[in-house]
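Here the structure is laid out as structure tokens; the discussion comes afterwards.
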2 protein chains.
Amino acid sequence: MIDHTHDAAVSSWVAGADDHADFPVQNLPLGVFSTSGSAPRIGTAIGDHVLDLSGVAELLRGKAAAAVAAIEGAQTLNALFALEHVARRDLRRAVFALLTNEVHAAHCQAALVPAAQCTMHLPLAVRDYTDFYAGIHHARNVGSLLRPDNPLLPNYRYIPVGYHGRASSIRVSGGEVRRPSGQLRAPDSEVPVVGQSRRLDYEVELGFWIGGRSDLGEPVPIDRAGSRIAGLCLLNDWSARDIQAWEYQPLGPFLAKNFGTTVSPWVVTAEALAPFRVAQPERPDGDPAPLPYLDDERDQQEGALAVRIDVSLRTQSMRNAVMEPMRLGRTAATNLYWTPAQMVAHHTVNGCDLAAGDLLGSGTISGAESDAYGSLMEMSRGGTQSITLPSGETRTFLEDGDEVVLSGTATKEGFRSIGLGECRATIAPAR
Amino acid sequence: MIDHTHDAAVSSWVAGADDHADFPVQNLPLGVFSTSGSAPRIGTAIGDHVLDLSGVAELLRGKAAAAVAAIEGAQTLNALFALEHVARRDLRRAVFALLTNEVHAAHCQAALVPAAQCTMHLPLAVRDYTDFYAGIHHARNVGSLLRPDNPLLPNYRYIPVGYHGRASSIRVSGGEVRRPSGQLRAPDSEVPVVGQSRRLDYEVELGFWIGGRSDLGEPVPIDRAGSRIAGLCLLNDWSARDIQAWEYQPLGPFLAKNFGTTVSPWVVTAEALAPFRVAQPERPDGDPAPLPYLDDERDQQEGALAVRIDVSLRTQSMRNAVMEPMRLGRTAATNLYWTPAQMVAHHTVNGCDLAAGDLLGSGTISGAESDAYGSLMEMSRGGTQSITLPSGETRTFLEDGDEVVLSGTATKEGFRSIGLGECRATIAPAR
């Protein structure tokens, strides 16, 4: 899988790209952008610029005809992701050649747009959205708040637990998320009231965008499941803990989650991530082996991801004082108990279909220690311990005007690190 | 709301329509059909025929211009349902005039296709699918199998409990549903195995197709929520009880349900249902009043539906012996604890958006008595009591080759009954 597009020694002629934290030429993430007065179109991030792929279609067609056909005139990545992954591999190689060989610089200039002039859009039209619960430390932390003696339910180590989320309220990074209202029941009350959520939280997740297609009735075997992940994004699964606590029995979260989910605009492709595949951490002694349909030696050896994720918070006061966001946590994708391939194999074992536009959330990715927690619920121990910010303010949950920023980086010795960009949104007051 | 299109004395010139159980001219449900070699298009059922609405567009345009613009060339009802309901009311009146005034018969003949020659399609592209749990007898029956002392959870009488289902696996009536495999844990075992579901069940539900649009962040007040239901269908929420029992904690049903959901092809419109609105049954003494955002006097007086639903079963042996399906249950929409308007108001109280293409399931509609149960789980008391069929076979859950048929009728004294048609599918063996 490792080819020359991962060679850290190769430079791009695009000014600043080699030094860009997230988007050197070894990354080439895919996204949908527009500039003032123009329609959305597909691009790739290169340093501080976006390369309009339709604008260089003639230069790519010879090497990546299928991909170019799916890109031209498209306002989403759905058609491109519906192709087999070889089409996206060809595209990556062709774009890499364009951006590393200076002979193409003149032909590309007109298609190279400063990122600051671009508005980013949701990269795919979301078909169905499934959120998993694969962060075992998060599951244990939240479980221990609810059930101190029995934090992990008996099914957790057998099932990549997941549920269906709301596709229509997924938004791209950069906007506002309105504080939801709903039924809340105080712990000391028998009766709920209707009001604004007072326990609004973020959840640090990765999002996996599906590629290809499997039809209804067609399980995806574990040895082919990993190749169904076309790319990766950051995902913030906003959660109203007070609404959730009262509503979630017996059918799971609903209004506590479906008011909004934010994703990063750039899809870091499976091809770009190839060098950053690592072994799935060994299961602790006593944990059962994965059942056969979830068990694949290669997946155990290289099905996990060397991706680090930071979550930061900036309040309105901090913005007023021109303070940087404060990092609340740094976690890693290796904290996931299940690999993306295991999620895909489980999702389809009953014949459920998966196709381009499907988005899988990983579940909240917390580490074992408190500096690696992926939600305020965990950091504040269920709202009982407040966090002090550099502005002197304190938080147990999010206040209006708070901005939450996720960022992520894939890193591995010997390879140029590549970034996932940012997933950012600000809490707007309840209506 | 009651206009001359509900007048039981009015006849249609279409042969047999006046005597048709489901589709007299007082119904005029909307659907998507195709005939051999032709593209799907929008039609209305009239007796044993389907009227191709594109084929009579010129006759309708003067009275229903907006609706006709949304119908011509369309392969789904999404554009039509995105309009305000006045557009669908105008369409109904114009079609009613065509089909009742013999002067139009000659102009309509070419657009009138025998239903037997039509293949029906999913009427809308499903955007998001939400399944509620509003059948209180079902909730109590299932709860009492799990928690004999505490069948209804404390939130049930406050919250129209719901969760997100899988949009991509919704299919129109008439096909097969493949028996799912998945993780199953026997009651006497600590450890799950992977295998075919042995406790496959149907669930008798109504489906509510959403009309119009409310944007993210915009709650729909209860006094306007009822008008967001564009129409009604029958819905079978196939359920694998053994998969469900092991997977559903803590995030709700997932693989137990998302392998398939079947809906009837004809959408009986809100306009057609106007005469069949009835008062929501009074809550039993001791139940709390609905919270203000769910409480509307008019909704309580006419927000429920006088719709009766039958569920029947026919095994392969019964088909071989040319036996009719056996009716297993007859229930009524008035067994729902929450009205469709309450479901919409609750769904959007947190700002969740709803638009055309959204489908809401009612939840399983059981009556209080065993002849009105809406699932085999209830009829067989959790699989402990078998049901004897006229063929001499017995069932606790569904076997391969079993065909489940839902049918429904809106009836009220003084009005011509109108039918919902059928929702039918057959269990195919696991792959």
Side-chain angles (χ1 to χ4, degrees), chain A residues 127-131 133 143 153-155 158-159 161-169 171 178 180-183 185 190-194 197 216-219 240 243 246-256 258-260 288 291-293 346-347 349-355 358 428 431, chain B residues 127-131 133 143 153-155 158-159 161-169 171 178 180-183 185 190-194 197 216-219 240 243 246-256 258-260 288 291-293 346-347 349-355 358 428 431:
Chain A
R127 182 176 181 257
D128 265 301
Y129 163 47
T130 299
D131 201 17
Y133 195 52
L153 291 169
N155 59 11
Y158 291 97
I159 294 182
V161 171
Y163 70 107
H164 291 294
R166 180 86 191 170
S168 76
S169 56
R171 293 290 183 276
R178 191 169 294 283
S181 294
Q183 290 194 29
R185 191 183 64 162
E190 290 282 301
V191 174
V193 296
V194 182
S197 171
L216 195 60
E218 187 188 332
I243 295 174
W246 173 230
E247 78 170 358
Y248 89 103
Q249 294 267 23
L251 299 182
F254 180 50
L255 300 186
N258 69 5
F259 59 93
L291 287 165
Y293 78 101
H346 181 66
H347 203 316
V349 68
N350 69 342
C352 185
D353 56 310
L354 283 181
D358 275 318
R431 189 177 283 249
Chain B
R127 182 178 181 257
D128 267 301
Y129 163 46
T130 300
D131 200 18
Y133 194 54
L153 290 168
N155 60 11
Y158 292 97
I159 294 182
V161 171
Y163 71 106
H164 292 295
R166 179 85 191 171
S168 76
S169 55
R171 292 291 182 275
R178 192 170 291 285
S181 293
Q183 290 193 29
R185 192 182 64 163
E190 290 281 303
V191 173
V193 296
V194 181
S197 171
L216 195 59
E218 186 189 332
I243 295 174
W246 173 232
E247 78 168 359
Y248 90 103
Q249 295 266 23
L251 299 183
F254 180 49
L255 300 187
N258 69 5
F259 60 91
L291 286 165
Y293 78 100
H346 181 66
H347 202 315
V349 67
N350 70 342
C352 185
D353 56 310
L354 283 181
D358 276 318
R431 188 176 283 249

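Every chain is numbered from 1, with letters handed out A, B, ... down the list of sequences.
- Looking only at heavy-atom pairs under 4.5 Å with chain A, the residue among B:Ala355, B:Pro180, B:Gly217 that has the most is B:Gly217.
- When heavy atoms are compared at a cutoff of 4.5 Å, A:Tyr293 approaches chain B solely by way of its side chain, counted from C-beta outward.
- Interface summary for chain B: among A:Val349, A:Asp353, A:Leu354, the most heavy-atom pairs under 4.5 angstrom belong to A:Asp353.
- The backbone N or O of B:Leu216 lies less than 3.5 Å from no partner atom in the side chain of A:Arg178, so there is not a single donor-acceptor pair.
- In this structure, the portions of B:Leu251 lying under 4.5 Å from any heavy atom of chain A include both its backbone and its side chain.
- In terms of heavy-atom pairs under 4.5 Å with chain A, the best-connected choice from B:Gly351, B:Gly182, B:Ser181 is B:Ser181.
- Ranked by heavy-atom pairs under 4.5 Å with chain A, the first of B:Gly162, B:Pro253, B:Gly143 is B:Gly162.
- Counting heavy-atom pairs closer than 4.5 Å to chain B, the top residue among A:Pro250, A:Pro292, A:Ala256 is A:Pro250.
- Note on B:Tyr158, B:Tyr248, B:Tyr133, B:Phe259: by heavy-atom pairs under 4.5 Å with chain A, the leading option is B:Tyr158.
- The greatest number of non-hydrogen atom pairs below 4.5 Å with chain A, out of B:Ser169, B:Ala240, B:Pro192, is found for B:Pro192.
- When heavy atoms are compared at a cutoff of 4.5 Å, A:Leu255 approaches chain B by way of both its backbone and its side chain.
- Interface residue B:Thr130: only side-chain heavy atoms are found under 4.5 Å from chain A.
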How far apart are the C-alpha atoms of A:Asn155 and B:Gln183, what are their side-chain angles, what is the distance that settles it, and do they pass the side chain to side chain contact (heavy atoms under 4.5 Å, CB included) test?
-> CA-CA 10 Å; A:Asn155 59 11; B:Gln183 290 193 29; over 6 Å; no
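- A side-chain donor-acceptor contact under 3.5 Å links B:Asp128 to the backbone of A:Ser168.
- With a 4.5 Å cut-off on non-hydrogen atoms, A:Ile159 touches chain B through its backbone and its side chain both.
- Residue A:Arg127 touches chain B through both its backbone and its side chain, counting heavy-atom pairs closer than 4.5 Å.
- Of all heavy-atom pairs spanning A:Arg185 and B:Pro154, the tightest one is NH1-CB, 4.4 Å.
- Interface remark: A:Pro288 contributes no atoms to any contact with chain B (heavy atom separation under 4.5 Å).
- By the 30° and 60° cut-offs, the orientation of the rings of B:His164 relative to A:Phe254 is tilted.
- Contact of A:Ile243 with chain B is not made at all, since no heavy-atom distance falls under 4.5 Å.
- For a residue to count as touching a neighbouring chain, one of its non-hydrogen atoms must lie under 4.5 Å from one of that chain's; by this rule A:Arg431 touches chain B with the side chain only.
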